[in-house]
Amino acid sequence: MTARTLLEGDELQAAVAVLDGWSVEDGKLHKEYRFADFVAAFGFMSAAALCAERKNHHPEWFNVYNTVRVDLCTHDAGGITTWDVELAEEFDVIANG
């Protein structure tokens with residue numbers, strides 16, 4: 001498990017700039033994934049859930065058919081941390097299979 005360093009200001013902007021398709025919305029890292037169909041979206045969620053469980057860091061997410069919306073925030077740190085950025089990178093790897 002890595003340190004949970006809170007990211008703010010320029011540090012947060014720099015971290016988000018290297019993430020593909022991620023943005024900051026309502027104080028959380030946010031991305032919307034689109035897949036071929038529901039089965040592909042659910043497959044992503046299953047693999048991402050196993051990754052999140054290993055890290056003991058769980059996303060807020062929402063799924064409708066082929067779309068999965070993901071929000072990441074380290075609540076006990078009070079915002080977006082390096083932990084969220086690492087999980088976002090891992091989710092992208094899973095999504096790109």
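- Atoms OG and CD1, from S46 and I94 in turn, are 10.5 Å apart once rounded to the nearest 0.5 Å.
- Between W61 and F91, the two ring planes are parallel [angle under 30°; tilted spans 30° to 60°].
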- [ ] For side-chain contact (heavy atoms from CB on, under 4.5 Å), just list the numbers for T5 and T81, CA-CA rounded to whole Å, side-chain angles, deciding distance to a tenth of an Å, and then say yes or no.
- [x] CA-CA 5 Å; T5 304; T81 67; 5.7 Å; no
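- In this structure, CG in L72 is found 12.0 Å from NE2 in H58, a value given to the nearest 0.5 Å.
- Scored by the salt bridge (charged side-chain N to carboxylate O under 4.0 Å, His left out) test, R69 finds no partners at all (sequence neighbours excluded).
- There is no side-chain donor-acceptor pair under 3.5 Å between E60 and H30.
- Annotation for A52 and L87: closest pair CA-CD1, 4.3 Å, computed over non-hydrogen atoms.
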Task: Chi angles and distances behind the side-chain contact (heavy atoms from CB on, under 4.5 Å) call for Y33, V70 - done: CA-CA 8 Å; Y33 293 96; V70 178; 3.9 Å; yes
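- Residues forming a ring-ring contact (aromatic ring centres under 6.0 Å, His included) with F42 (at least two apart in sequence, or on another chain): F38.
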With a cut-off of 3.5 Å and sequence neighbours excluded, list every side-chain donor-acceptor pair involving residues 7-16.
none

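- Partners of H57 according to the ring-ring contact (aromatic ring centres under 6.0 Å, His included) rule, which considers only residues two or more places apart in sequence or in another chain, are W83.
- Considering all non-hydrogen atoms of both residues, G27 and C73 come closest at O-SG, 4.0 Å.
- Here salt bridge (Lys or Arg N to Asp or Glu O under 4.0 Å) pairs that include residues 29-41, with residues two or more places apart or in two chains, are K31-D92, E32-R34.
- Residue F44 holds its CZ atom at 13.0 Å from CG of N66, rounded to the nearest 0.5 Å.
- Of all heavy-atom pairs between L6 and A77, the closest is CD1-O, 3.7 Å.
- A salt bridge (Lys or Arg N to Asp or Glu O under 4.0 Å) check over residues 71-84, counting only residues at least two apart or in different chains, returns the pairs R4-D76.
- Smallest separation of non-hydrogen atoms from F35 and A41: CD1-CA, 3.6 Å.
- Across I80 and K28, no two heavy atoms sit closer than the pair CD1-C, 3.6 Å.
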